Amino acid sequence: MAVISNNARRSLPPANALVLCVLLYSNSPGVEASISAAGPSPQSETQAATGGTEETRVQASHQHVSTTDHKAFKQLNREFKTGQEVTRVCLSCHTKAAKQLHKTKHWRWDFTHPQTGQALGKRNIVNNFCGSITTNYAFCTSCHISYGWKDANFNFTSEEDVACIVCHDTTGTYRKFPVGTGHPNFEDNPPQCGTCHGEGDPKAALAKLKTAPIIIPGANGGTPVSCDGCHGVAPHKGNDLLNGHVNKVDCQQCHAVEPDPNSLTGWKGPDLTRIARNVGLPKRRDCGNCHFHGGGGNAVKHGDLDNSLVSPKKALDVHMDEDGLDFTCATCHRTEGHEVPGSRYAGLAKDTAGIVIPGREFSHASCESCHGLTPHPRTVNNKMNDHIGKVACQSCHIPAFARGGVATLISWDWSTAGKLDANGRPLVVKKHEYSLYDGKKGDFLFAENVIPEYHWYNGEVRYTLIKDTVDPNQEVKINEVSGNHDDPKARIWPFKAMRGKQPYDKGNKTLVVAHLFGHDDTAYWENFDWDKAIRTGMSAAGAPYSGEYGFVRTIMYWPITHMVAPKEDALACDACHSKNGRLKHLTGFYMPGRDSNRWLELIGWAAVLLAIAGVLVHIVWHATTVRAKGRGQ
């Protein structure tokens with residue numbers, strides 16, 4: 001993938017003759033004009049000094065200051081053993097909060113598209129990451145704002161199962177356990193260091209725990225031992241599900257995920273009392289706990305969302321810059337009744353309303369809602385503002401994604417999964433911190449500084465669902481964005497294109513749901529048997545399965561809207577207006593500098609010659625007039 005350098009905006013590139021004519025005319029004697037590419041206008045200099053025009057300037061002091069100190073509430077000065085106990089206290093004051101949340105996309109994971117009528121949301125779609133949440137609930141719902149969604153029978157009307165603190169924790173210490181159906185690891189009972197080491201450094205002990213076999217200093221004469229040498233083959237008291245992992249998963253994979261320097265377990269339970277007494281409005285970290293780690297890891301799903309945005313600098317995102325505007329997610333995605341605006345299922349591709357008017361509109365989830373419909377300083381021909389109707393702001397102002405030093409996943413091949421190492425465990429091959437191959441999941445490809453793909457987009461997305469037939473000889477579009485040049489609602493948008501190779505039903509020619517995670521004989525990560533995993537998954541989804549499976553190439557599009565670069569790092573004109581520019585694959589319309597038209601070129605060159613002739617005539621006339629006046633005097 002190409003790396004985007006942060007060069008300053010270059011001057012206007014060589015274009016067709018008609019553009020050249022405009023430039024000649026605009027800079028001829030007697031015409032006062034300035035081209036923004038040649039230097040800032042007085043207006044743009046004023047904006048640079050003040051941070052924008054008067055109507056769009058955002059004050060750095062926008063952060064909300066609460067009028068409530070939750071530490072003063074007696075109800076919160078107690079010990080909490082579960083998240084539901086905290087929620088019950090929250091609801092004793094915020095009586096409508098749970099009912100509001102029950103109506104939102106974040107809670108339902110179910111969305112009916114208003115144009116296509118398709119049933120979408122995580123409960124209904126199949127993606128090319130881990131496929132579907134069906135039969136994989138405990139793994140997937142660790143990112144749901146609830147407690148206990150372990151199967152299809154979850155009670156979506158339960159109020160106490162709303163996880164208030166997953167969004168409202170301000171301490172940065174609340175973590176859900178990866179396979180805990182939305183629950184954190186409530187218990188934190190680490191062994192004493194001296195139990196194994198006599199006397200030792202807990203940090204050094206934890207470092208030893210990350211390697212296998214483990215040599216415990218001061219014990220067994222330095223003989224290599226395994227975890228079960230001390231903890232046995234059933235270390236989780238009364239928990240058959242977790243004990244079933246012992247023969248399949250290294251202990252360190254769970255117990256060294258979030259290292260705690262004072263704990264040998266490596267996964268410290270949250271202090272629910274401290275968290276409850278310090279709740280507040282969501283911060284970037286709170287939203288990012290799920291949205292940065294979707295798909296099973298940091299930056300896996302979204303190319304423009306990863307943990308580099310917890311404390312970003314201006315070069316990464318001008319809005320979230322921690323030393324500048326320091327926007328939280330909710331600054332733009334302003335909630336009303338706990339509903340968060342913004343959707344990749346039915347996006348607002350073209351905002352024609354412009355700046356949000358207080359009291360009439362609420363959401364700021366579009367560029368135009370703050371910057372208006374003419375965000376650029378006017379030039380002689382106002383060309384930059386003319387682009388707004390056909391080009392999304394993000395197409396120029398996000399020159400690349402995954403720019404924060406974290407690579408994003410761009411390809412996942414499930415067809416190669418199933419390889420085991422010499423010990424019978426899934427083979428893992430890594431380069432630096434990234435997995436290139438995982439026996440449970442197949443081959444991966446990560447990339448940084450990725451140039452987006454560009455498509456016409458009108459906000460409508462049509463998904464390929466498990467009931468839809470596919471052509472296995474073609475790359476299957478998991479989701480297809482709609483729009484074209486003649487569509488008044490469409491603009492050119494940047495996307496992350498996620499490519500994959502995933503199982504499908506060869507007989508029925510449909511995508512499939514595979515049962516990946518679980519403590520049973522049909523889960524793929526237990527037995528590496530695709531037929532069993534697909535049969536179980538399709539049965540749970542209520543879909544037919546022919547009994548014959550294969551693998552098909554797929555692609556899924558993710559709109560890019562974050563990691564907005566400083567204006568001096570926005571794309572220059574020739575990034576698109578050139579023969580091999582970024583938009584070379586978009587057809588059906590004429591683009592100056594990229595396309596050729598014989599008659600238009602002839603007209604353009606004729607206009608250039610006429611402009612040159614006019615300039616020469618003007619100079620000769622001016623010189624003759626001056627000379628004649630001189631003689632008369």
Side-chain angles (χ1 to χ4, degrees), residues 105 108-113 115-141 143-144 149-156 181 294-296 301 344-345 412-415 417-418 440-442 461-480 498-557:
K105 296 186 293 291
R108 298 194 313 269
W109 280 11
D110 184 33
F111 175 77
T112 300
H113 197 287
Q115 278 76 48
T116 67
Q118 283 188 307
L120 304 176
K122 291 183 176 67
R123 292 164 68 182
N124 303 303
I125 70 167
V126 175
N127 61 38
N128 56 2
F129 295 91
C130 286
S132 170
I133 72 169
T134 303
T135 72
N136 303 308
Y137 294 102
F139 190 81
C140 299
T141 60
C143 262
H144 189 252
W149 186 0
K150 63 181 180 180
D151 55 35
N153 298 316
F154 178 68
N155 181 10
F156 283 92
T181 66
K301 271 189 179 177
R344 71 173 185 275
Y345 298 119
W412 187 334
D413 185 353
W414 280 96
S415 69
K440 296 196 298 182
K441 301 174 182 179
V461 183
R462 184 173 291 275
Y463 277 73
T464 300
L465 305 175
I466 58 173
K467 64 180 181 180
D468 300 321
T469 57
V470 301
D471 181 357
N473 298 314
Q474 301 290 328
E475 186 177 61
V476 176
K477 294 181 178 179
I478 298 289
N479 61 344
E480 184 172 9
M498 172 64 190
R499 289 176 168 82
K501 196 171 184 180
Q502 63 195 89
Y504 83 106
D505 186 331
K506 293 179 70 173
N508 294 321
K509 291 184 172 58
T510 63
L511 297 177
V512 298
V513 171
H515 177 39
L516 300 175
F517 175 81
H519 182 52
D520 59 85
D521 184 56
T522 66
Y524 182 75
W525 290 343
E526 289 285 328
N527 57 44
F528 298 101
D529 187 325
W530 277 116
D531 182 67
K532 283 185 178 181
I534 294 171
R535 197 177 296 277
T536 299
M538 294 296 276
S539 175
Y545 172 50
S546 69
E548 187 179 8
Y549 71 89
F551 292 88
V552 64
R553 292 179 298 112
T554 58
I555 186 170
M556 189 173 187
Y557 294 105

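Model, not experiment: these values are computed from the prediction.
Atom NZ of K509 sits in a sparse spot, with 12 or fewer heavy atoms from other residues, nucleotides or ligands closer than 6.0 Å.
The distance from atom NZ of K477 to atom CE of M556, rounded to the nearest 0.5 Å, is 14.0 Å. Summarising the geometry, atom CG belonging to L120 is positioned 9.5 Å from atom CZ belonging to R462; distances are rounded to the nearest 0.5 Å. For the atom pair T181 OG1 and H144 NE2, the distance stands at 12.0 Å (nearest 0.5 Å). With rounding to the nearest 0.5 angstrom, the CG atom of L465 is 10.5 Å from the CG atom of N479. Rounding to the nearest 0.5 Å gives a distance of 10.0 Å between CZ of F129 and CD of Q502. One finds the NZ atom of K150 at 11.0 Å from the OG1 atom of T141 (value rounded to the nearest 0.5 Å).
Residues K441 and W414 are in side-chain contact: their nearest non-hydrogen atoms beyond the backbone lie under 4.5 Å apart. Residues N124 and D110 form a side-chain contact, since some pair of their non-hydrogen atoms from C-beta on lies under 4.5 Å apart. Side chains of K105 and R108 form a contact here, defined as non-hydrogen atoms less than 4.5 Å apart. Residues I466 and D505 form no side-chain contact, since every pair of their non-hydrogen atoms from C-beta on lies 4.5 Å or further apart. With a 4.5 Å cut-off on side-chain heavy atoms, K301 and N127 count as touching. Contact of the V476 side chain with the N128 side chain is not registered, since no non-hydrogen atoms from C-beta on lie closer than 4.5 Å. At a threshold of 4.5 Å between non-hydrogen side-chain atoms, the residues Y557 and R344 do not count as touching. Within the 4.5 Å cutoff, the side chain of Y345 has no heavy atoms near those of the Q118 side chain.
W530 pairs in a ring-ring contact (aromatic ring centres under 6.0 Å, His included) with only one of the listed residues (W525, Y524, Y545, Y504), which is Y524.
Considering all non-hydrogen atoms of both residues, T135 and A540 come closest at CG2-CB, 3.3 Å. Closest heavy-atom contact between W412 and G295: CZ3-O, 4.1 Å.
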Practice prompt. List the steps, then state whether side chain to side chain contact (heavy atoms under 4.5 Å, CB included) holds for V552 with L511.
Written response: CA-CA 9 Å; V552 64; L511 297 177; 4.1 Å; yes

Discussion item. Please determine whether side chain to side chain contact (heavy atoms under 4.5 Å, CB included) holds for the pair C130 and L516, giving the CA-CA distance in whole Å, both sets of side-chain angles, and the decisive distance to 0.1 Å.
Written reply: CA-CA 8 Å; C130 286; L516 300 175; 4.1 Å; yes

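Taking the side-chain contact (heavy atoms from CB on, under 4.5 Å) definition, one finds that T536 meets it with H515, T522, sequence neighbours left out.
Geometrically, R123 engages F156 in a cation-pi contact, judged by NZ or CZ lying under 6.0 Å from the ring centre and within 45° of the ring axis.
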